[in-house]
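Heavy-atom basis, side chains included; hydrogens, waters and symmetry copies ignored.
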Amino acid sequence: MDTLQNYLKTLLAKLWPRKLSLQLALFVSVLLALSMATFSWLTLEKEVERVTSNIQLQAKVLAKNISVTGADHLLRRDYTAIEYLLLRSVEFPGVRSIQLSDEKGKLLGDVSREKDKEPEAKYGQPELILPQENDALITVGNNAMVVWQPIILGDLLGWVRITYGLDSINAIRKSVITETILEGIGIIFLSLILLVIYVRRSTSTIERYT
């Protein structure tokens with residue numbers, strides 16, 4: 001009976017340092033992975049903010065250009081020129097659709113472009129629900145950004161509405177998240193191996209002296 005108890009005590013004494021080393025290695029690995037994930041998330045948010053700011057700047061410039069050119073077409077009631085203007089403008093990167101309406105929201109030009117397809121004009125679409133204020137407006141959603149630009153030439157003549165796709169931002173998010181997950185798994189795996197080797201050497205030295 002005493003021999004069995006001594007054997008169990010010896011076995012427990014050998015297993016305990018190994019168990020402790022595994023727990024320590026796992027804790028450090030998870031801590032490193034969380035630190036890396038936090039850093040990657042902060043970097044992602046800064047990159048998304050930079051890309052969004054660039055898209056908004058491009059959208060404002062395009063909307064103002066269409067507004068200035070479209071004002072002259074509206075005064076002359078040249079709807080063919082308006083449609084041609086929108087068909088050219090919708091080819092800008094990221095633009096999904098452009099609408100130009102009068103001051104009441106009645107569409108005078110409506111074009112859209114799907115991915116890898118030619119731009120096309122639409123007819124007979126319902127009137128636009130216009131902003132309450134006669135000021136430029138940008139609304140950003142999860143998948144699209146909408147830009148409103150008033151056409152003013154003394155008085156309010158109409159509105160330009162541009163819809164931008166945010167596929168580039170979503171692609172950046174997806175890429176960073178995937179890379180972070182893969183790198184986190186790799187860090188945990190390598191850290192476990194290295195820490196287990198290191199801790200086992202230390203515990204084996206302690207066991208030998210003991």
Between Ser89 (side chain only) and Leu85 (backbone N and O only), is there a donor and an acceptor less than 3.5 Å apart?
yes

So do Arg161 and Ser101 actually touch side chain to side chain, heavy atoms under 4.5 Å?
no

From CD (Glu91) to CD1 (Ile98), nearest 0.5 Å:
10.0 Å

Closest heavy-atom pair, Pro119 versus Val90, reported as atoms and distance to 0.1 Å, is CB-CG1, 3.4 Å

Quick one: do Leu62 and Ile55 end up in the same hydrophobic cluster if we chain Ile, Leu, Val, Met, Phe, Trp and Tyr together by side-chain heavy atoms under 4.5 Å apart?
yes

Can you tell me if Ser67 uses its side chain to pair, donor with acceptor, with the backbone of Pro150 under 3.5 Å?
yes

Minimum side-chain heavy-atom gap Asp78-Tyr84 below 4.5 Å
no

For Trp148 against Leu130, the heavy-atom pair lying closest together
CZ3-CD2, 3.8 Å

So do the side chains of Ile138 and Met145 get within less than 4.5 Å of each other, counting heavy atoms only?
yes

So, the side chain of Arg113 versus the backbone of Phe92: is there a donor-acceptor pair under 3.5 Å, distance only?
yes

Closest heavy-atom pair and its distance - Ile162, Val160
CG1-CG1, 3.9 Å

Between Glu83 and Ala121, which heavy-atom pair has the shortest distance, and what is it?
CD-CB, 3.8 Å

Do you know which of Asp102, Leu75, Ile152 makes side chain to side chain contact (heavy atoms under 4.5 Å, CB included) with Leu157?
Leu75

Would you kindly confirm whether Val147 and Ile66 end up in one hydrophobic cluster when ILVMFWY residues are joined by side chain heavy atoms under 4.5 Å apart?
yes

Pair Asp110, Gln125: side-chain N/O donor-acceptor within cut-off below 3.5 Å:
no

Would Val140 and Val95 show up in the same hydrophobic cluster when neighbours are defined by side-chain heavy atoms closer than 4.5 Å?
yes

Spatial distance of atom OH (Tyr164) from atom CD (Gln58) [nearest 0.5 Å]:
6.0 Å

Hey, what do you get for CG (Leu86) to OG (Ser97), rounding to the nearest 0.5 Å?
10.0 Å

Nearest heavy-atom neighbours spanning Pro126 and Leu107:
O-CD1, 3.5 Å

Contact between Val146 and Leu137 at the side-chain level, heavy atoms closer than 4.5 Å - yes or no?
no

Applying a strict under-4.5 Å side-chain criterion to I, L, V, M, F, W and Y, I'd like to know whether Val111 and Ile151 cluster together.
yes

Pairwise side-chain contact, Leu128 with Gln99, heavy-atom cut-off 4.5 Å (strictly under)
yes

Does Leu153 share a hydrophobic cluster with Leu74, counting links as ILVMFWY side-chain heavy atoms below 4.5 Å and allowing steps through other members?
yes

Within 6.0 angstrom of Ile129 CD1, more than 12 heavy atoms from elsewhere:
no

Which heavy-atom pair separates Ala144 from Arg96 by the least distance, and what is that distance?
CB-NH1, 4.0 Å

State whether the number of non-hydrogen atoms from other residues, nucleotides or ligands found under 6.0 Å of Arg76 atom CZ is greater than 12.
yes

